[in-house]
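Take a look at the structure below.
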Amino acid sequence: MKKILLTTAIALVATISASAQNRVTIHADQGKYKINREIYGQFSEHLGSCIYGGLWVGEDSPIPNINGYRKDVFEALKALKVPVLRWPGGCFADDYHWMDGIGPKNQRPSLRNNNWGGTIEDNSFGTHEFLNLCEMLGCEPYISGNVGSGTVKEMAQWVEYMTSDGDTPMARLRRQNGRDKAWHVKYFGIGNEAWGCGGNMTPEYYSDEFRKFNTYLRDYTGNKLYRIASGASDYDYDWTKVLMDKVGNRMQGISLHYYTCSGWEGPKGSATQFDNDQYYWALGKCLEIEEVIKKHKAIMDEKDPEGKIGLLVDEWGTWWDEEPGTIAGHLYQQNALRDAFVAALSLNVFHKYTDRVKMANIAQVVNVLQSMILTDQEGTGHMVLTPTYHVFRMYTPFQEATYLPVDYESEIMQVSKAYFKEKEGARDAGYRPCPLLSVSAAKATDGSMAVSLTNVSLDKDQTLEIVLDGYTAKTVSGQILTAKNVADYNDFANPDKVAPREFKDAKLKKGVLTVKLPAKSIVVLKIQ
């Protein structure tokens, strides 16, 4: 059980008394649950330049590409071992009519992206382009179906088109469009944000819609759908309760959306210009997802004690103000070391609840919100990897490893209510807490151990004594992600300003691991 050492808030941000050394105990022989690789999922919406100019440039582009997919972006995602990719939305999904995105590209009708800036798209990236990309990446596709403005017939035919290998009308149409063999499509979302852009429905009404649409989605030979209900936005626990009552085991998963920002009322704050208070507030907001998950999980545990229905955090991450000079509604934002901390802290929480959290999809994969990759908007072919990308790359050893219980203490930085909104449901009346240390550990199938250590303090190094209970270690190696300033980021002029390097301050002696963890750093160790 995680232990927390609270300190007293004196000013806007609480002062923290110095602690010479912290002890961490990893129970290597008590692992029970596997960390689902889908927790490291990605999200690709038709939003800004995520698809066009991000993933897709077309076969005739001067930018190097593989069958129309940006070569540099594709190779970077391949290195991440992306397990699952969600598409086409987001809000876009409930405005998307899939038949407009199949057939010869020069005959596909254009569309206006009503949700995101009114951009005109040519539909050159559709079902074939997405599913072929997933095959090339070796990842599971996650399709979001159109409930808000679509029909039952339209959705049923889409499933048939993608997954039927028989002599059926949609399978014949797919073959006519150049794909003989059906794709494997496991994850299928029946609507998105039905409480908002997906139809502004009540949970009771959406439950009935889910039941209706779901009735006509067939499992064709060799393909079984994992049916995902449009779940709650962060603190809406009633939505989860209603769906568990009225939909129940008709769904295999229920989604949850949770974003970290500086507030929904007015500006969300800059991605790169923020003070210390805003930094700690944002990380406290990020970590509040643990309480949110616990409360949704408690509702699900009561109705589904065997854990058959998964909780899928299929939209999460930071949401800051758009970068000055970029297109309104395209949600292009920079990605600083602060964002890397949000990624690491969130992933550590997901690990802890992997018995119920079966998938998570950070928003979004390229050029939108907390992206892995930024590409230039002038067509010169430049690409940069973000600090968040580096966290996901460093964390790949956790995929499919067994989660290990960890005991440790963390001092708390507390930020005053000047930086939180009452409607977001902060856990106490006046402060949002931000623990300064986060630890996660897992054991891989080859017997090695992965340990992540995150020190979010801006100015205080920590020395950790790590006891490996039930594990005999011989070697330790690792990487560290840090920077001079927590607002540092990578751009096209300085693409490696925030990048991982070898970590040398971990020493193993008589079964005890001593780690000198610098301020504002993320370290991932491999222990054997």
Side-chain angles (χ1 to χ4, degrees), residues 38-57 69-70 73-74 76-77 80 82-96 113 115-117 119 121 125 129-130 133-134 137 139-144 187 189 192-193 196-198 233 255-261 268 271 286 312-323 326-336 339-340 342-343 346-347 350 359-377 383-393 489-490:
E38 286 83 2
I39 282 173
Y40 289 84
Q42 301 288 334
F43 175 28
S44 56
E45 182 170 4
H46 285 250
L47 199 174
S49 54
C50 180
I51 302 296
Y52 299 104
L55 294 173
W56 177 258
V57 291
Y69 309 106
R70 275 191 68 133
V73 172
F74 174 82
L77 294 179
L80 275 190
V82 175
V84 60
L85 185 61
R86 183 173 179 238
W87 174 86
C91 291
F92 181 84
D94 287 280
D95 251 349
Y96 183 65
N113 193 325
N115 288 286
W116 305 116
T119 303
E121 300 185 7
F125 190 96
E129 290 72 30
F130 172 69
L133 173 62
C134 290
L137 288 173
C139 73
E140 293 278 2
Y142 172 4
I143 299 287
S144 291
Y187 297 108
N192 167 79
E193 294 191 357
C197 62
S233 174
S255 71
L256 172 66
H257 292 178
Y258 187 93
Y259 286 97
T260 295
C261 62
K268 297 179 176 66
C286 150
L312 282 61
V313 191
D314 62 13
E315 286 189 32
W316 68 274
T318 58
W319 193 322
W320 312 119
D321 293 339
E322 293 170 320
E323 288 298 305
T326 60
I327 299 172
H330 280 196
L331 306 190
Y332 182 91
Q333 67 184 40
Q334 251 300 346
N335 195 298
D339 297 270
V342 170
S346 299
L347 290 169
F350 300 153
M359 184 192 296
N361 306 77
I362 190 169
Q364 293 185 10
V365 64
V366 190
N367 291 332
V368 175
L369 299 179
Q370 192 178 352
S371 60
M372 303 293 108
I373 298 165
L374 298 175
T375 63
D376 72 275
Q377 304 303 294
M383 180 197 79
V384 66
L385 304 177
T386 68
T388 297
Y389 175 94
H390 293 308
V391 169
F392 270 69
R393 183 75 185 271
Y489 57 90
N490 299 329

**Prompt:** At their closest point, which heavy atom of V84 faces which heavy atom of C139, and how far apart are they?
**Reply:** N-CB, 3.9 Å
**Prompt:** Angle class for the F392/W316 ring planes (parallel below 30°, perpendicular above 60°, tilted otherwise)?
**Reply:** parallel
**Asked** Which atoms form the tightest heavy-atom contact between P387 and N335, and what is the distance?
**Response** CD-O, 3.1 Å
**Request:** Any chance you could measure Y187, atom OH, to L85, atom CG, to the nearest 0.5 Å?
**Result:** 13.0 Å
**Asked** Are the side chain of S144 and the backbone of G89 linked by a donor-acceptor contact shorter than 3.5 Å?
**Response** yes
**Item:** Spacing of CD belonging to Q333 relative to CH2 belonging to W319, to within rounding of 0.5 Å
**Value:** 9.0 Å
**Message:** In this structure, is the centre-to-centre distance between the rings of W87 and Y142 below 6.0 Å?
**Reply:** no
**Message:** Using modelled atom types and a 3.5 Å cut-off, is there a donor and acceptor pairing between side-chain atoms of D314 and backbone atoms of M359?
**Reply:** no
**Asked** How many angstroms lie between atom OG1 of T375 and atom CZ of R70, to the nearest 0.5 angstrom?
**Response** 5.0 Å
**Side-chain heavy atoms of W56 within contact of F130, under 4.5 Å** = no
**Complete:** Sorted by chain and residue number, the disulfide bond (SG atoms under 2.5 Å apart) partners of C197 (sequence neighbours excluded) come out as C91
**Side-chain donor or acceptor of E322 paired with backbone N/O of G329 under 3.5 Å** = yes
**Asked** Sequence neighbours excluded, which residues qualify as side-chain contact (heavy atoms from CB on, under 4.5 Å) partners of S371?
**Response** L374, T386
**Message:** When you compare the side chain of I51 with that of S44, does any pair of heavy atoms fall below 4.5 Å?
**Reply:** yes
**Asked** Tell me, do F92 and L47 make a side-chain contact under 4.5 Å, heavy atoms counted?
**Response** no
**Prompt:** Where do A360 and F350 come nearest, in terms of heavy atoms and distance?
**Reply:** CB-CE1, 3.7 Å
**Message:** Hydrogens and angles aside, do H330 and T119 bring a side-chain donor and acceptor to less than 3.5 Å of each other?
**Reply:** yes
**Side-chain heavy atoms of W320 within contact of D339, under 4.5 Å** = yes
**Euclidean distance, L137 CG relative to L55 CG, rounded to 0.5 Å** = 8.5 Å
**Message:** Checking E315 against Y259 for the side-chain contact (heavy atoms from CB on, under 4.5 Å) test, could you report, in this order, the C-alpha distance in whole Å, the side-chain angles of both residues, the deciding distance, and whether it holds?
**Reply:** CA-CA 8 Å; E315 286 189 32; Y259 286 97; 2.4 Å; yes
**Prompt:** Would you say the side chain of N192 lies within less than 4.5 Å of the side chain of R86, judging by non-hydrogen atoms?
**Reply:** yes
**Request:** Mind listing the closest non-hydrogen atom pair of P88 and Y96 along with its distance?
**Result:** CG-CD2, 3.8 Å
**Message:** Please check this pair: side chain of Q370 against backbone of T318, looking for a donor-acceptor N/O pair closer than 3.5 Å.
**Reply:** yes
**Request:** Calculate, to the nearest 0.5 Å, the distance between atoms SG and CD1 belonging to C50 and I373 respectively.
**Result:** 10.0 Å
**Request:** Can you see which heavy atom on Y258 is nearest to which on C286, and at what distance?
**Result:** CE2-O, 4.0 Å
**Item:** Atom pair CG (L80) and OH (Y40), whose distance is rounded to the nearest 0.5 Å
**Value:** 11.5 Å
**Item:** Test item: E193 and S233 side chains (from C-beta on) under 4.5 Å apart, heavy atoms
**Value:** no
**Item:** Contact summary for Q334 and A271, nearest pair of heavy atoms
**Value:** O-CB, 3.5 Å
**Prompt:** Just wondering, do N361 and V313 contact through their side chains at under 4.5 Å, heavy atoms?
**Reply:** no
**Asked** Quick one: are V365 and V82 in side-chain contact, heavy atoms under 4.5 Å?
**Response** no
**Message:** When you measure from the side chain of Q364 to the backbone of E45, do you find a donor-acceptor pair of N or O atoms at a distance under 3.5 Å?
**Reply:** yes
